[in-house]
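Heads up: the structure comes next, in structure tokens.
We name chains A, B, ... by the order of the sequence lines, and we start the count at 1 in each one.
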Number of protein chains: 2
Amino acid sequence: MGNRRKTPVEIDTISAHQCSIGLRLELLGKLPFLASLSADELAAANKRFKTRDFVEGATIYFADDPATHLYVVAIGQVRLMQHSPAGKDILLDVLQPGEFFGSLMPGDDGRYAETAQAHTDTCILGINADEFRRLMTSDPGIALAVLDLTTERLRAAQETVRRLSAYPMEQRLAAVLVRLAGKLGEQRADDLLIQTRLSREDLAQMTAATPETISRIMTQLQKDGLVNSGRQWVAVKDMAGLRRLAEG
Amino acid sequence: MGNRRKTPVEIDTISAHQCSIGLRLELLGKLPFLASLSADELAAANKRFKTRDFVEGATIYFADDPATHLYVVAIGQVRLMQHSPAGKDILLDVLQPGEFFGSLMPGDDGRYAETAQAHTDTCILGINADEFRRLMTSDPGIALAVLDLTTERLRAAQETVRRLSAYPMEQRLAAVLVRLAGKLGEQRADDLLIQTRLSREDLAQMTAATPETISRIMTQLQKDGLVNSGRQWVAVKDMAGLRRLAEG
DNA sequence: CGACGAATTGAACCTATTCAAAGGGTGTGG
DNA sequence: CCACACCCTTTGAATAGGTTCAATTCGTCG
């Protein structure tokens, strides 16, 4: 009776067969950039993708590895990270099912810009970059949809640059929490739970800070009634207030 | 006799007729994303572009304006900037002839992500975003070329995020100088001149610093023999050394 | 329960900012 | 053509925001 765990975040352990053939077609059909395909075309495209599984923490590829494949998250969550010589890591994003990552440019000169890591137990679908390029060539709708998603990511990256350049820590943290809650938020009685394991270290890597600073600011945000938080989880209590804080 | 000006940077004042019909075809033909077009197609595309002139300092569009057009730099240089409520500006890039900016997404929901400003007297070619989308739909080669350029920009933006997050000022400045010299560098007897007006304030806005800090670091870099610099100009003397410094 | 990793808290330190003042190149108007 | 005014740049001293290091507390899982 009752769960003794305090973490409100659900942690799925996936079995080897969840990422089955049946699931794949359904999944691919939902991808925004494959929406223009007919059922037949979709089935053909499906054959091009290969399934791969990763346990939590496993690395899918490293930054600067030769970039050969485009991946789509099927089950679980994927972390995109960057590294610096000094050992400081940056957490760019946590991807959900349906989001793509990896290489869009064919040819062997390209290298991955980030490291991709399984944030939970994960199943991903991979397609060779050249093959995907052929798909885009034959169907401009796919190319344009991918272009739109990429443009949107460029905009998001520029927004991150803006925040890193011109905002103090507290506002940067608020902005990250607003973004995560919008993307991964799950409504609860009293707040919006960010549905992923999220340590102070993770938040530090998303805001260019140290875990200690994040801890101090989180304490303040809780006092102000903006968020609830515990070990490896965060919930947004006052979205509007947090958004106001983020904008300055 | 002789020029009394000390600035080594060439400052062009363009006349109203330089951006003529004849030049346009030549220019459009050189664009990487229109390379796949035949002469006829190019002439047809050319009709879709309209010419606009701006004097130095004039604003082409503001961030958050409704995004309607895609532009290509024909003559001169264009600054892409961002703003923050606190009044801190960010200088994202200085675009050269042949580079595009503005809107890639049609529809009236989109807004410009940055402010575009004439960094010198400038002539640009503009095309309606919907019309350009039609061009991309009819020729996947164009769409893919634009996708590649956008992907490259996303990579550059993520690199900026990495530098802002994990590197101290000196290394960030070194990295910016390396990038600018690679893009706008003009070989001279003893160094590589960055061919654009570049104040301490500009460099500050590119590295998330203050002009004072830039000044102090520049003094140091000159002492170390890595750069030469004066009022509104910078030249890289030791590219390899500067690159080494940037990487850490 | 016991142990390990995460989170908190405190104090010293450091990098870069802020504010202020002085010096120098540009180009403009007399 | 020269002189002055303007803005860019340099330099200094005080300050602040965030980091670092270290010690302690707390939650979670075996």
In whole angstroms, how far is the [atom2] atom of [N] from the [atom1] atom of [X]?
{"X": "R197(A)", "N": "dA7(C)", "atom1": "CZ", "atom2": "P", "result": "11 Å"}
{"X": "Q220(A)", "N": "dG17(D)", "atom1": "CD", "atom2": "C1'", "result": "15 Å"}
{"X": "M169(A)", "N": "dA16(D)", "atom1": "CE", "atom2": "C1'", "result": "15 Å"}
{"X": "K88(B)", "N": "dT17(C)", "atom1": "NZ", "atom2": "C1'", "result": "8 Å"}
{"X": "Q222(B)", "N": "dT11(D)", "atom1": "CD", "atom2": "P", "result": "10 Å"}
{"X": "L173(B)", "N": "dT17(C)", "atom1": "CG", "atom2": "P", "result": "12 Å"}
{"X": "E201(B)", "N": "dT17(C)", "atom1": "CD", "atom2": "P", "result": "12 Å"}
{"X": "M218(A)", "N": "dC26(D)", "atom1": "CE", "atom2": "P", "result": "18 Å"}

Side-chain atoms of residues 166-179 of chain A: list all donor-acceptor pairs with protein atoms under 3.5 Å, sequence neighbours left out, distances to 0.1 Å.
from, atom 1, to, atom 2, distance (Å)
Y167(A), OH, R162(A), NH1, 3.2
R172(A), NE, T207(A), O, 3.0
R172(A), NH1, Y167(A), O, 2.9
R172(A), NH2, T207(A), O, 2.8
R172(A), NH2, A208(A), O, 3.4
R179(A), NH1, D93(A), OD1, 3.4

When you look at K50(A) and Y71(A), which way does the side chain to side chain contact (heavy atoms under 4.5 Å, CB included) test go after all the steps?
CA-CA 9 Å; K50(A) 285 177 191 158; Y71(A) 297 104; over 6 Å; no
Determine whether any donor atom in the side chain of R216(A) lies under 3.5 Å from an acceptor atom in the base of dG10(C), or the reverse, and answer yes or no.
yes
Measuring only between side-chain heavy atoms, which start at C-beta, is T210(B) closer than 4.5 Å to T213(B)?
yes
Considering only heavy atoms from C-beta outward, does the side chain of T115(A) approach that of Y61(A) to under 4.5 Å?
no
Check whether S165(B) reaches the backbone of R163(B) with its side chain - one donor and one acceptor, N or O, closer than 3.5 Å.
no
Backbone N/O of V94(A) and side chain of K183(A): donor-acceptor pair under 3.5 Å
yes
Would you kindly check if the NZ (Lys) or CZ (Arg) of R79(A) is within the cone defined by 45 degrees around the ring axis of F54(A) and under 6.0 Å from the six-membered ring centre?
no
Close N or O pairs between protein and nucleotides 2-5 of chain C (under 3.5 Å):
from, atom 1, to, atom 2, distance (Å)
dG5(C), N2, R231(A), NH1, 2.6
dG5(C), N3, R231(A), NH1, 3.4

Would Q77(A) and T196(A) count as having a side-chain donor-acceptor pair, cut-off 3.5 Å?
yes
Less than 3.5 Å apart, which donor and acceptor atoms pair up between the side chains of residues 234-248 of chain A and the rest of the protein, not counting sequence neighbours?
from, atom 1, to, atom 2, distance (Å)
D238(A), OD1, A240(A), N, 3.4
D238(A), OD1, G241(A), N, 2.8

Does a salt bridge link R200(A) with E212(A), judged by any charged N lying under 4.0 Å from a carboxylate O?
no
Taking only heavy atoms on the protein side, list every residue of residues 204-215 of chain A lying under 4.0 Å from any atom of DNA chain D, sorted numerically.
A208(A), A209(A), T210(A), E212(A), T213(A)
Angle between the end axes of the helix from dC1(C)-dG30(D) to dG30(C)-dC1(D), five pairs per end, to the nearest 10 degrees?
30°
Do any pairs count as a salt bridge (Lys or Arg N to Asp or Glu O under 4.0 Å) and have a residue in residues 214-236 of chain B, sequence neighbours left out, and if so which ones?
none
